[in-house]
Amino acid sequence: MAVAIEHEASIDAPAVKEWQPRIIAFLCNWCSYTGADLAGISRIQWDPSVSIVRVMCSGRMDPTFVAKAFELGADGVIISGCHPGDCHYQEGNYKTLRRVHLLKRLVAGFGIDAERIRLVWVSASEGDQWAETANDMAREIRSLGPLRLQT
Amino acid sequence: MTATDEARIGVYVCHCGFNIAATVDVEAVRDIAAGQPGVVMARDYEFMCSNAGQDLIKRDIEENGVNRVVVAACSPLMHEPTFRAAGEEAGLNPYLVHIANIREQCAWVHQNRVAATAKAESLVNGAVARVALHEPLEATYADVNPTTLVVGGGIAGIQAALDISDAGNEVYVVERQSTIGGMMARFDKTFPTLDCAACILTPKMVSADRRDNIHLVTNAEVEAVDGFVGNFTVRVREKARFVTVDCTSCGECVTVCPVTVPDPFDEYMSTRTAIHKAFPQAIPSTYTIDRQGKPPCMEACPIHQNAAGYVSLIAEGRFAEAAKLIRRQNPLPFICGRVCYSPCEDACSRTLVEEPVAIRSLKRFAMDWEREHEPEPVPEAPEHDYSEKVAVVGSGPAGLTCAFDLAKEGYKVTVFEKHDRLGGMLAVGLPTYRCPRPVVDRDIDYIKRMGVDMRTGTELGRDFTLDELTNGAPGYEYSAVFVAVGAQEGIALDIPNEDAEGVVTGIDYLRNLNLDLPQETGPRVAVVGGGNTALDAARAARREGAEVTVLYRRTRAEMPAEEDEFDDAVAEGVRFEYLVAPVEVLVTDGRVRGLECVTMELGETDGSGRPRPVPIEGSNHEREFDTVIAAISQHPDQDWSNTPAGEPTVLTFSRWGTVEVDPDSLQSTIPNVFAGGDAVLGPATVVEAMGQGRRAAEAIDKHLRGLPLDGFTSHMPSPDPRYGFEERPYAQSPEYADIEKAPRATMPKRPVDIRVTDYDEVDLGFSEEEARSEAQRCLHCGVCVECHACDDVCAPKAIDLDMEDTLTTLEVGQIMVATGFKTFDATRMTPYGYGRYPNVVTSLEFERMLNSTGPTGGKVLMANGEEPRAIGIVHCVGSRDEHFNRYCSRVCCMAALKFAHLAIERTDADVYQFYIDMRAFGKGYEEFYSRVLHEGSTVIRGKVAEIVPSLSSNGDEPHLIIRAEDTLIGRFREIPVDMAVLCSALEPQADAEEMGRVFSLSRSPDGFFLERHPKLDPVGTTTDGVYIAGCSQGPKDIPDTVAQAQASAARILALIGRGEVLIDPVRATVNEALCGGCKTCLSLCPYTAITFDEEKEVAVVNEALCKGCGTCVAACPASAITGAGFTDDQILAELTGLLAPVGTR
């Protein structure tokens, strides 16, 4: 039933066999996911190396998820929630903010560049900001190169 | 089905026509999905959301045993409900259906087909891995409370409220202004039909008011919203309007209110009084008092005398009322008008313009006027008739104030005074050139007329004891005692030979003169000290013909005496010597012949915050004097408190000899004995002592009525009386810097050479004209000055200045937000000169001008009152402008055409329009445009560059020149006009961001509230149960606003009709076996849904309160909390699927 397609190293233009990063983005349902949808509705282009995982609140973001993403081959992780003060759940984004500070210091201890984790605030009306975030992160990760975990 | 069932997953990839298929190779995605573990069926289809597409899913569930579904299509925010319902119809639990978003977050945002296809494959892989671990969830339902909240009482809110109440539901309308009606109430005519706005609006307002099931909450704001769709809890603050519902709207109050301020309803082009009704047809018709805080002068006063009130009445020439108002709170108005140290003037906001209002002198003026015109003012009858008797010991300012207040309350009061003359320090310590004897007597006589029994020549401790007073000895049946014996014992200099003849304390010197007791004054007098008593003694000694020298040990800067008194003393020839202190009285034959003094220098700062004077060694020198007056300080004597030998003293005293009392209630160690004034404070000022008397009276009243005295903080002068607005006295006032300066008036004084020969009063008082013009300098901080004039004329007694804000909690099912707009601040568009040229007006100002109830009664008039000869109407001011707002405000073109029509109708002016594009898109709009063109309005297509003032060729007739490019003829044009009307943009309310937070509303980049979908859900929001309508969602005209309001109402009624709302089962649960009881989760939950079971030592989630955010799930160190629908396993599986190398499995 499956039709085999050669995908290895062909994520971007097939002619260019260069390395492509993989970036996981955890987006809260109410602001950021809706904002990313708005980018889509408005056809604002962003880098295909970013894939979105929907969570109800950025506060759901368990540090384990980030660790697991890196372990599974992600080169970068974006966490995006509602702007401070705008959280659908009142204050989940503040909890995230505290966790991400700690998490960045923790991964740095494991030799992972803290820049590979980025926390941003994107509202439901900020489709262009989401696209800009995704593109900027992709640029950053491309300049950092692939994440090589010592296992 | 249970989770243990083997997952049989069906994957359905949607083409969405070309929307997905153009960028994503849907067949390739389907084939990759087909190879994933657990996938038993993989299909692609052109439109999965069509019935045929849904049938594919249903059939596979029913016939092919599919028990998990992944739909790769548009965003779950679009069609998740559709596909879940399809699954449910086929018998599948809806939560076993999952969406992979390959349209909004893939096909639409990527152009490279290979990359987009690979990403779509990853997204589907993630969804497949995730859905395999999905468990069936049961949604719950909650009842919908049919009561609805409408926020904003403009035409949108009124219309929605009417529609919802029509169906028999309760509606609360919360409106910020004092009336409903919103912006529409301020318009004259409406385009294109030229209906009178009021004529079509007011019937709806009246209808909303009449209905039993519509509750109008005006002057109110929503502070917080809690809960969820169907069951919101809303906290509303209804601001005090200080007029009760008993108001009959007769308008008598307006005729007596002395305060006029710019009227925001008329765009500040007219004025209104502090008590007002926004417009004649306002609903509710109850008047409102504009009260933006308390006047600082009143806040600073220890007796809370409302200075702003009597000053405002004096400004209007209502002197009798001013005097009556002063008497209302002040038992010693004549004395205060002369000798108060006037903390009110220190707090006066006029200081921020130039100098404080001469409040004390104005009080003196009002009281002197009363003395001239009303010889014996009659006190009002007491409020109650209490049987309790209260004894007041001491007839100084503290005692008299306490007696006045208690008598007013209805108690029987007896005042005991040891001297033969009443008044305490006022009688014995105050020289008559400052406060003449008849003035003091007039104040005291008034208190006597209130029924206060005054007994002179009876001294506590000599004629009766405290014990007798407190224990109801025969003749002394008092329920409470106020001890205000003052601090009348002069403190000695503590130097050798002080008891020599010719040495006297300042207080004794003044008392002897005042009471005509023998007192010798030598030709050369030394006064030691720098306080008010020292200066009083010095000036009195001048009047006794002596040459007077004041010796002060610090410098002028540290001298506690008041500025005025010092100036007067210098003028009267009193000499001052600083940094000098006596060390010994030089004596000949037991009589003073001089002082040995020492020169001082200033050292480090001491406990009083002033530099400590230090003697310079070897600077001793002798000075010759005949009389030495020691006026360094006073302290209370304690002889009166003597208890029989052997018995303990029940009162306690500080080391300064003052009575120790509770600082708030002034209650002493004996429960029914209170003490105040100088006896507690030490030597202080008249009004401070009065403040103590007032506080004691209130405490005694409470005590006698059996109320507790805990937390008693009444009548404290505010430590920071400055009014809340920093740059202006009240919200609609110009800033302090822009207020025209007017110098403070000074009272004339008697010539120095005459006044030092007698004891007659030095200051001569204001004339009526001087008083009125000085009083007109008052800025009316906070608008209402609390003069109570409205209170006096209100027949139904509807005025309540003590009214407080009310906090109400409303339980409602749904909320409609229609909070409207504000207009663009045209001063920001500097080239157009608004705010600089008086005849450049905004559209709203022009609108008010056209209105028959507006500032010009419906006439179009320039600032000079003449009719303009030409009017230029400028479109797009602040709209369609990169510098301000990029959007079109949608109403201005049509409003401008309406203005043109009305201007042509009502004036002979030529009317020009300057537009960028004429937007006449609505029903009948284009026709209206043609009509106005035919009526003779000239239209010029081009954005105005600037508006400048000009003069005609003969040098007069000032007018304006509008400069613009006419893009249709390609020429630059200059049009002379008399008036320019700027059609200002519509902008989000200033607090839209804050309101957005309260109601959990998102805002679009232009700042207006964001609808759920721009086309398909223009009134819904991302928060279920909250709807938006009108200009809070974006600029729109009245028909569109009403349509949106009715749409919102329909949505609200639909849910009320259904009666229940689905509660998403995304909830947290605690696995008790894993929970370690660390309580980390407890503090994280913003809904306090997590509690701790002390017995089991585990956390417990209250499902009814949990909103499913998952913050606790993420934080649980034991992974004991599971978030249904978003479990750790599910998300980790999604990550595994997403990150698996595509195409290699």
Side-chain angles (χ1 to χ4, degrees), chain A residues 1-8 10-14 20 22 24 29-31 33-34 36-41 43-49 51-57 59-65 68-69 72-74 85-92 95-96 99 123-126 128 131, chain B residues 25 27-28 31-32 34-35 42 75-77 101 103-112 114-119 121-123 126 996-997 1000 1002-1005 1010 1022-1023 1066 1084 1086-1087 1107-1111 1113-1115 1123 1125-1126 1128 1131-1132 1134-1136 1138-1144:
Chain A
M1 202 153 149
V3 178
I5 302 174
E6 186 51 57
H7 278 286
E8 284 285 83
S10 65
I11 290 166
D12 203 358
Q20 292 297 332
R22 310 204 66 181
I24 295 295
N29 180 60
W30 303 99
C31 292
Y33 194 87
T34 314
D37 270 2
L38 180 63
I41 294 163
R43 312 296 199 279
I44 305 169
Q45 301 296 302
W46 44 278
D47 199 293
S49 61
S51 294
I52 293 172
V53 173
R54 181 167 71 120
V55 286
M56 291 311 279
C57 177
R60 175 67 183 95
M61 204 286 305
D62 188 331
T64 328
F65 298 165
K68 191 74 179 172
L72 289 168
D86 285 350
C87 179
H88 186 81
Y89 301 104
Q90 298 178 20
E91 52 196 38
K95 309 284 170 17
T96 315
R99 278 180 206 150
S123 81
S125 64
E126 293 176 337
D128 46 352
Chain B
D25 181 346
E27 285 90 5
D31 292 343
I32 290 289
S75 171
L77 303 181
N101 184 346
R103 192 178 76 174
E104 281 84 347
Q105 296 179 4
C106 186
W108 277 352
V109 289
H110 309 317
Q111 283 167 328
N112 184 310
V114 176
T117 302
K119 178 170 162 183
E121 287 164 359
S122 291
L123 291 169
R997 275 179 198 162
S1000 296
S1002 299
R1003 297 192 304 146
S1004 39
L1010 186 68
T1022 47
T1023 305
V1066 175
L1084 292 176
Y1087 307 102
K1107 303 273 187 294
C1109 66
T1111 303
V1113 185
F1126 290 85
D1128 285 356
I1131 292 172
L1132 292 175
E1134 185 173 351
L1135 285 176
T1136 312
L1138 267 176
L1139 289 164
V1142 194
T1144 56

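Lettering of chains follows the sequences in order, A, B, ..., and the numbering in each one begins at 1. Heavy-atom basis, side chains included; hydrogens, waters and symmetry copies ignored.
- The parts of B/S75 that come within reach of chain A are both its backbone and its side chain, each placing non-hydrogen atoms under 4.5 angstrom from that chain.
- For a residue to count as touching a neighbouring chain, one of its non-hydrogen atoms must lie under 4.5 Å from one of that chain's; by this rule A/D128 does not touch chain B.
- Considering every non-hydrogen atom in both A/Y89 and B/P1086, the closest pair reads O-CG, 3.3 Å.
- Neither the backbone nor the side chain of B/R103 comes within contact range of chain A; no heavy atoms are under 4.5 Å apart.
- Heavy-atom distances place both the backbone and the side chain of B/L1084 under 4.5 Å from chain A.
- For chain B, the nearby parts of A/R54 are the backbone and the side chain; heavy atoms of each come within less than 4.5 Å.
- Top candidate by heavy-atom pairs under 4.5 Å with chain B, chosen from A/E126, A/K68, A/K95, is A/K95.
- Between chain A and the options B/R1003, B/R997, B/E1134, heavy-atom pairs under 4.5 Å are most frequent for B/R997.
- B/D25 CG to B/E121 CD: the interatomic distance, rounded to the nearest 0.5 Å, is 7.5 Å.
- Heavy atoms only, all atoms of each residue included: B/C106 and B/A116 are closest at SG-O, 3.3 Å.
- In this structure, CZ on A/R43 lies 8.5 Å from CD on B/E104, to the nearest 0.5 angstrom.
- When all heavy atoms of B/L1132 and A/F65 are compared, the pair lying nearest together is CD2-CD2, 3.8 Å.
- Contacts between A/I24 and chain B at a heavy-atom distance below 4.5 Å involve the side chain alone, from C-beta outward.
- Without hydrogens or angle criteria, A/R22 side chain to A/G73 main chain gives no donor-acceptor distance under 3.5 Å.
- Here the CE atom belonging to A/M61 is positioned 7.0 Å from the CZ atom belonging to A/R99, to the nearest 0.5 angstrom.
- The most heavy-atom pairs under 4.5 Å with chain A, out of B/V1066, B/N101, B/T1022, come from B/N101.
- Heavy atoms of B/L123 lying under 4.5 Å from chain A belong exclusively to its side chain.
- There is no contact between B/A107 and chain A, counting heavy-atom distances below 4.5 Å.
- The part of B/I1131 that comes within reach of chain A is its side chain, from C-beta onward, which places non-hydrogen atoms under 4.5 angstrom from that chain.
- At a threshold of 4.0 Å, the pair B/D1128-A/R60 counts as salt-bridged, since one of the basic side-chain nitrogens sits closer than that to a carboxylate oxygen.
- Each of A/C31, A/G92, A/S51, A/S123 has some count of heavy-atom pairs under 4.5 Å with chain B, and the biggest count is that of A/S51.
- The backbone N or O of A/A124 lies less than 3.5 Å from no partner atom in the side chain of B/S1002, so there is not a single donor-acceptor pair.
- Of the listed residues A/D86, A/T96, A/L38, the one with more heavy-atom pairs under 4.5 angstrom with chain B than any other is A/D86.
- With hydrogens and angles ignored, the 3.5 Å screen pairs a side-chain donor or acceptor of A/T34 with a backbone N or O of A/N29.
- For B/Q105, the parts lying near chain A are the backbone and the side chain together; criterion is any non-hydrogen pair under 4.5 Å.
- The greatest number of non-hydrogen atom pairs below 4.5 Å with chain A, out of B/S1000, B/G1123, B/G1108, is found for B/G1108.
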